[in-house]
Enquirer: 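What follows is a single structure, and I will ask about it in a moment.
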Amino acid sequence: MLRLRPMTSDDLPVVRGWLDLPHVARWWLADTTAEAEIAKTRRRVAGPRSATILLMATWDDVPIGWCQWYRWADYPADAAAMDARDGEVGIDYAIGDPAFVGRGVGTALIAALVAWARQARPGAGVLTDPDAANTASRRVLEKNGFTLVAVRPVETEPADRPMAIYRLPAVGPER
Ligand SMILES: CC(C)(COP(=O)(O)OP(=O)(O)OC[C@H]1O[C@@H](n2cnc3c(N)ncnc32)[C@H](O)[C@@H]1OP(=O)(O)O)[C@@H](O)C(=O)NCCC(=O)NCCS
């Protein structure tokens with residue numbers, strides 16, 4: 001069964017290996033390099049108070065992917081470009097092990113990630129922006145109740161491609 005746990009620096013080699021695989025690189029390395037991505041991840045995992053929380057996804061305790069969440073308010077320029085609402089959180093995710101792609105695990109991963117973020121931020125809305133061409137990523141959001149807000153470039157993203165902005169509304173009083 002799918003579980004999430006905090007990422008540690010011991011997990012970085014396996015994440016580094018996944019970044020090189022074509023199904024991940026296509027979306028995660030479209031505008032950056034594996035080295036830059038791992039350096040950023042290393043800082044966030046090691047940092048005592050990182051604004052971005054990194055998690056490993058495991059299946060029967062074996063790592064199969066990773067994900068992260070953050071408060072948009074901690075990234076004000078990005079929040080403005082995304083039209084984020086007060087209190088909303090952002091998410092990013094990937095299944096690294098190709099054997100686990102396309103079997104419904106990504107749908108479960110989104111549900112687990114939203115639940116994890118809402119443990120820290122009860123009822124928070126979730127706003128995220130996969131590449132508009134990333135059909136599988138869009139579907140797993142839709143299957144978790146996210147609705148499409150807009151398809152447009154986001155000016156703080158490194159490239160000018162259209163992104164598909166999806167929102168899962170806040171539950172209960174907005175915070
Ligand atoms: C995106 C990702 C998390 C989705 O997880 P997954 O386990 O593969 O997805 P699921 O099996 O739960 O669901 C995928 C859905 O997309 C659909 N889908 C996948 N590829 C598709 C395509 N090329 N065209 C149309 N639909 C497609 C599937 O049919 C399924 O929908 P359905 O259940 O309605 O039939 C995973 O593929 C992944 O990590 N990819 C690489 C990294 C990545 O893209 N990360 C997201 C960056 S924003």
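Read the numbers this way: they start at 1 and go in the same order the structure lists the ligands and their atoms. Numbers here simply count residues along the sequence, with the first being 1.
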Enquirer: Looking only at non-hydrogen atoms, find the nearest pair between Ser9 and Val45 and report the distance.
Expert: N-CG1, 3.4 Å
Enquirer: Measure across Ala117 and Val89 and return the closest heavy-atom pair with its distance rounded to 0.1 Å.
Expert: CB-CG2, 4.3 Å
Enquirer: What I want to check is whether the side chains of Ser137 and Tyr93 have a donor and an acceptor closer together than 3.5 Å.
Expert: yes
Enquirer: Look at the rings of Phe100 and Trp59 and say which category their plane angle falls in: under 30° parallel, 30 to 60° tilted, over 60° perpendicular.
Expert: tilted
Enquirer: Does any part of the side chain of Arg118, heavy atoms only, come nearer than 4.5 Å to the side chain of Val171, both counted from C-beta?
Expert: yes
Enquirer: Are Arg16 and Glu37 close enough, and set up right, to give a salt bridge (Lys or Arg N to Asp or Glu O under 4.0 Å), and what steps lead you there?
Expert: CA-CA 9 Å; Arg16 175 69 180 79; Glu37 193 59 34; over 6 Å; no
Enquirer: Can you list every pair where an N/O of ligand 1 is under 3.5 Å from an N/O on the protein?
Expert:
{"residue": "ligand 1", "atom": "7 (O)", "partner": "Gly106", "partner atom": "N", "Å": "2.7"}
{"residue": "ligand 1", "atom": "8 (O)", "partner": "Gly102", "partner atom": "N", "Å": "2.8"}
{"residue": "ligand 1", "atom": "11 (O)", "partner": "Arg103", "partner atom": "N", "Å": "3.3"}
{"residue": "ligand 1", "atom": "11 (O)", "partner": "Gly104", "partner atom": "N", "Å": "2.8"}
{"residue": "ligand 1", "atom": "12 (O)", "partner": "Thr107", "partner atom": "N", "Å": "3.1"}
{"residue": "ligand 1", "atom": "12 (O)", "partner": "Thr107", "partner atom": "OG1", "Å": "2.6"}
{"residue": "ligand 1", "atom": "13 (O)", "partner": "Lys143", "partner atom": "NZ", "Å": "3.4"}
{"residue": "ligand 1", "atom": "33 (O)", "partner": "Lys143", "partner atom": "NZ", "Å": "2.5"}
{"residue": "ligand 1", "atom": "34 (O)", "partner": "Arg139", "partner atom": "NE", "Å": "3.1"}
{"residue": "ligand 1", "atom": "34 (O)", "partner": "Arg139", "partner atom": "NH2", "Å": "2.6"}
{"residue": "ligand 1", "atom": "39 (O)", "partner": "Ile95", "partner atom": "N", "Å": "2.6"}
{"residue": "ligand 1", "atom": "44 (O)", "partner": "Asn134", "partner atom": "ND2", "Å": "2.9"}
{"residue": "ligand 1", "atom": "45 (N)", "partner": "Tyr93", "partner atom": "O", "Å": "2.9"}

